[in-house]
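The shown structure was predicted, so the numbers you read here are calculated from the model rather than taken from an experiment. Just so it is clear, the values below take in all heavy atoms, side chains as well, and ignore hydrogens, waters and symmetry mates.
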Amino acid sequence: MIDECHTGSEGEGKSDENPIGLGGITAFEMASFLDALDARFLSGDPKLEFRQWAAGLHLSTMWNFEELRKDIITHMNKTISSAAPLERIDASLKCRVEEWLHPAYQVLCERQDGLTNEEAEHLGLRRAAAIWRIRELRRPVFPGCWSCGVEAQCYNCGSYLDQKRQTNQKNRNRAKFSQVDVIELIKGEDVLKFE
């Protein structure tokens, strides 16, 4: 490879002073790729962090190492749920693993806390807005007094609801948006689709 004329500039890779350039690849990514490659030949479960697996997967995807890519995905699938949602989204998009994307968005839509400023910035305005829309659709509507809860007036039709009917509506709202429905809402948002 080093002797061939199409590998780059003359003399590239023939000495430490003139290495083969791998533009756009960090030392961390290369070390992680090599660790993932080594893991195939070691017994036991490799102890790599999610970011290491993701970096190795990125390069194996970029360089079309299909068997290594499959092995890395198998290892990552075992621990993907412990990774932060944004890490999962980034890995899914960067490494072309579609089945990780919507469940990661689902975590952001279903968790108690909304998006932080940092998460919204990272996702960008359009994706953050889509997640907020889904979160709003999932939020139960209680049109009455939050303080006493005795009687409430519906904002849509103007009729009055008693506390028992409010409780029933709350339960219906919760049941309405099951896990499958959230995924369907996510798939309905063009900006959250896998492309």
Side-chain angles (χ1 to χ4, degrees), residues 1-2 7-8 12-13 16 19-132 134-135 178-180 182-195:
M1 172 181 142
I2 293 173
T7 59
E12 187 176 57
D16 287 343
I20 297 173
L22 298 175
I25 296 169
T26 67
F28 175 78
E29 287 175 320
M30 190 63 184
S32 298
F33 174 79
L34 295 173
D35 288 341
L37 192 58
D38 285 346
R40 298 178 76 197
F41 304 105
L42 301 174
S43 62
D45 196 19
K47 302 295 182 211
L48 299 178
E49 294 178 10
F50 183 83
R51 357 182 353 247
Q52 291 173 288
W53 283 119
L57 181 60
H58 170 61
L59 294 186
S60 68
T61 302
M62 182 189 305
W63 294 333
N64 295 317
F65 281 68
E66 289 304 318
E67 288 301 314
L68 178 59
R69 176 180 157 74
K70 288 177 190 173
D71 288 347
I72 293 172
I73 289 172
T74 299
H75 283 291
M76 290 178 78
N77 279 336
K78 295 176 189 174
T79 59
I80 188 102
S81 61
S82 65
L86 291 183
E87 288 180 325
R88 295 161 58 182
I89 291 166
D90 290 345
S92 173
L93 294 172
K94 193 174 188 179
C95 303
R96 311 297 302 152
V97 185
E98 185 172 1
E99 67 262 21
W100 295 344
L101 186 62
H102 292 144
Y105 285 133
Q106 182 179 2
V107 170
L108 295 175
C109 292
E110 291 182 341
R111 71 183 186 188
Q112 184 69 30
D113 296 330
L115 294 175
T116 65
N117 290 338
E118 293 77 21
E119 288 170 330
E121 248 179 67
H122 184 88
L123 289 167
L125 178 63
R126 294 182 68 222
R127 288 193 293 170
I131 288 168
W132 282 320
I134 294 167
R135 288 179 61 85
S178 67
Q179 187 176 29
V180 174
V182 172
I183 291 291
E184 291 306 314
L185 290 171
I186 290 167
K187 288 179 180 177
E189 292 282 349
D190 286 339
V191 73
L192 300 180
K193 289 183 179 172
F194 186 81
E195 294 178 14

Please find the pair of heavy atoms, one from C109 and one from I131, that lie closest to each other, and give the distance. SG-CG2, 4.0 Å
I would like to know whether L115 and R127 meet side-chain contact (heavy atoms from CB on, under 4.5 Å); could you show each step before the answer? CA-CA 11 Å; L115 294 175; R127 288 193 293 170; over 6 Å; no
Rounded at 0.5 Å granularity, tell me how far CZ in R51 sits from CZ in F28. 4.0 Å
Quick check: closest heavy atoms across E110 and V182, and the distance to 0.1 Å? OE2-CG2, 3.4 Å
Which pair of non-hydrogen atoms, one from A36 and one from L68, has the smallest distance, and what is that distance? O-CD1, 3.8 Å
Kindly determine whether D90 and H122 satisfy side-chain contact (heavy atoms from CB on, under 4.5 Å), including the steps that lead there. CA-CA 10 Å; D90 290 345; H122 184 88; 2.8 Å; yes
Could you report the tightest heavy-atom contact between F194 and S92, atom names first, then the distance? CE1-O, 3.6 Å
Would I89 and W100 count as a side-chain contact (heavy atoms from CB on, under 4.5 Å) here? Give the steps. CA-CA 7 Å; I89 291 166; W100 295 344; over 6 Å; no
Taking every non-hydrogen atom, the tightest pair across C95 and A54: SG-O, 3.8 Å
Checking the side chain of T79 only, and the main-chain atoms of S82 only, is there a donor and an acceptor separated by less than 3.5 Å? no
For a side chain to side chain contact (heavy atoms under 4.5 Å, CB included) with L108, tell me which candidate from D113, I134, L123, I186 qualifies. L123
Find the distance between CG (L93) and CD (E98) and round it off to the nearest 0.5 Å. 10.0 Å
Which value, rounded to the nearest 0.5 Å, describes the distance between H58 atom NE2 and W63 atom CH2? 8.5 Å
What I'd like to find out is whether the side chain of R96 reaches to under 4.5 Å of the side chain of R69, using heavy atoms alone. yes
Separation of D71 CG from L57 CG (nearest 0.5 Å): 11.0 Å
Interatomic distance, OG@S81 vs CZ@R88, rounded to 0.5 Å, equals 6.5 Å
Please determine whether the number of non-hydrogen atoms from other residues, nucleotides or ligands lying under 6.0 Å from atom CZ of R135 exceeds 12. yes
Is it true that, when you exclude E99 itself, more than 12 heavy atoms of the residues, nucleotides or ligands shown sit nearer than 6.0 Å to its CD? yes
How about CZ on R111, more than 12 heavy atoms from neighbouring residues, nucleotides or ligands closer than 6.0 Å, or not? yes
Between W53 and D35, does any side-chain donor sit less than 3.5 Å from a side-chain acceptor? no
Side-chain heavy-atom pair I183, Y105 within 4.5 angstrom cut-off: no
Rounded to the nearest 0.5 Å, how far apart are OG1 of T61 and CD of E66? 7.5 Å
Of the non-hydrogen atoms in A91 and F50, which two are nearest, and what is the gap between them? CB-CZ, 4.1 Å
